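Chain letters run A, B, ... following the sequence lines, proteins first and then strands; every chain starts at 1. Keep in mind that the numbers below use all heavy atoms, side chains included, and drop hydrogens, waters and symmetry copies. Fair warning: this is a prediction, and the values are worked out from it, not measured in the lab.
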Protein chains: 2
Amino acid sequence: MAHTHDDHHHERPRDLTRNQDLVLSTLNEAHEPLSAYDILDRLREDGLRAPLQVYRALDKLIEQGLAHRLESLNAFVCCADVGCHRARGSAAFAICSGCGRVDEFADDEVNARLAGWAAEHGFALERTTIELRGRCAECRKSQSGSPLR
Amino acid sequence: MAHTHDDHHHERPRDLTRNQDLVLSTLNEAHEPLSAYDILDRLREDGLRAPLQVYRALDKLIEQGLAHRLESLNAFVCCADVGCHRARGSAAFAICSGCGRVDEFADDEVNARLAGWAAEHGFALERTTIELRGRCAECRKSQSGSPLR
DNA sequence: ATCGCTAGCGTTATGTCATAACATATCAGT
DNA sequence: ACTGATATGTTATGACATAACGCTAGCGAT
């Protein structure tokens with residue numbers, strides 16, 4: 001129970017297991033959110049065979065702040081800015097319904113207001129989901145259709 | 001089968017079809033978010049048989065601002081304050097992982113900040129999801145476990 | 001009145017996302 | 001070597017959501 005050595009005050013990208021590393025790499029290489037099954041398909045040749053292998057890796061990555069789940073998409077992205085949002089509060093995501101691009105950002109004022117509401121109402125805030133849906137600047141120029149739901 | 005009911009609609013909300021009315025009533029009577037399949041189960045004796053009947057009704061209700069989808073729960077609630085949030089600005093939800101209770105609220109400052117980010121980045125904002133997860137005041141007093149995911 | 005349009009409805013089948021349950025493996029600390 | 005914690009692999013199943021089809025009702029314009 002006692003911390004024998006290795007005081008991880010700054011939690012660096014800790015040692016990842018093989019599966020965790022594979023999943024994180026896949027997310028890093030993707031330019032769009034991936035579903036767990038998308039990830040699985042890309043890792044078949046690396047030996048992964050079942051959804052659970054991906055979901056378990058994702059759980060750990062998310063726990064460590066290395067990846068995020070997009071609730072409105074049931075998909076996953078790697079964190080754009082490791083270590084940053086974890087310290088400061090939760091991240092927000094702008095998801096383009098044209099190209100699937102996701103921009104991650106954090107707004108201290110927003111986080112403060114939501115934390116304020118929670119405090120006022122005795123609500124023990126554990127995590128926050130903020131997702132904006134719309135069309136990015138690029139996609140507004142080109143009047144292309146909307147491939148994403 | 002011709003008209004067996006009045007043509008008059010005493011409802012304050014818009015004209016709802018039979019299925020839409022059934023689904024909305026079910027949400028109104030529930031004290032917690034319901035999944036589409038929960039709703040379906042409660043409406044079997046009213047003749048509903050397939051998920052699509054529920055999903056179609058939900059789509060319309062959400063479109064009209066009479067119900068909301070909770071993305072982090074894959075479940076639905078009726079709008080707490082008809083006509084208000086519809087006007088503009090999106091609603092936020094505080095979801096208790098202890099009892100399932102959901103509080104709906106709107107924070108103008110939060111909405112303004114998010115709209116601001118969108119404007120700065122040329123992002124055409126269509127809709128916003130804001131969901132807080134945690135434990136409500138009630139559930140913090142009683143140290144009960146966490147039945148909800 | 002009938003045509004054509006739009007919206008809703010009912011049904012079957014299927015697709016997509018996520019976890020339960022169980023067995024095996026790996027490794028650090030005692 | 002034993003133990004406990006963590007990760008892994010596999011099968012099966014559960015939970016959420018939509019595609020595709022055809023039918024019906026209401027409605028307005030010719």
Mind calculating the distance between CG (A:Leu16) and P (C:dT26) to the nearest angstrom?
-> 19 Å

Distance, rounded to the nearest Å, where A:Leu58 contributes CG and D:dA7 contributes C1' = 15 Å

Between P of D:dC16 and CG of A:Leu73, the distance in whole Å | 18 Å

Remember a base hit wins even if backbone is also touched, and classify B:Ala50 as base, sugar-phosphate or nothing at under 4.0 Å, heavy atoms.
-> base

Gap between atoms CG and C1', on A:Asp15 and D:dT6 respectively (whole Å) = 14 Å

Would you indicate what B:Leu48 reaches in the nucleic acid, counting non-hydrogen atoms under 4.0 angstrom: base, sugar-phosphate, or nothing?
-> nothing

In whole angstrom, what separates B:Glu71's CD from C:dC17's P?
-> 14 Å

Let me know the distance between CG of A:Asp41 and P of C:dG15, rounded to the nearest Å.
-> 14 Å

Result for 5'-nearest mapping on DNA chain D, choosing between A:Tyr37 and B:Asp38, is A:Tyr37

Rounded to the nearest 0.5 Å, how far apart are CG of B:Asp59 and CD of B:Gln20?
-> 10.0 Å

Out of C:dC17, D:dT18, D:dA7, which nucleotide sits closest to the side chain of A:Ser35?
-> C:dC17

May I ask you to decide whether B:Arg69 forms a salt bridge with B:Glu71, counting only side-chain N to carboxylate O separations under 4.0 Å?
-> yes

Contact summary for B:Ala80 and B:Glu104, nearest pair of heavy atoms | N-OE1, 2.9 Å

Look at atom CD of A:Glu138 and say whether more than 12 heavy atoms of other residues, nucleotides or ligands are closer to it than 6.0 Å.
-> no

Nearest-nucleotide pick for A:Thr17, side chain only, options being D:dT10, D:dA7, C:dT11 = D:dA7

Could you check how far CZ of B:Arg18 sits from P of D:dA25, rounded to whole Å?
-> 15 Å

Assign A:Arg56 to base, sugar-phosphate, or nothing according to its heavy-atom contacts below 4.0 angstrom with the strands shown.
-> base

Looking only at side-chain N and O atoms, does A:Arg49 come under 4.0 Å of OP1 or OP2 in D:dT10?
-> yes

From C:dG8, D:dC16, C:dA18, pick the nucleotide closest to the side chain of A:Asn74?
-> C:dA18

Give a yes/no on whether any side-chain N or O of A:Gln53 is located under 4.0 angstrom from OP1 or OP2 of D:dG9.
-> yes

Using distance alone, with no hydrogens and no angle criterion, decide if A:Ser35 and A:Asp38 have a side-chain donor and acceptor under 3.5 Å apart.
-> yes

Nucleotide nearest A:Tyr55 (side chain, heavy atoms from C-beta), chosen from D:dA7, D:dC16, C:dC17 = C:dC17

Rounded distance in Å - CG (A:Leu52) to P (D:dG14) | 16 Å

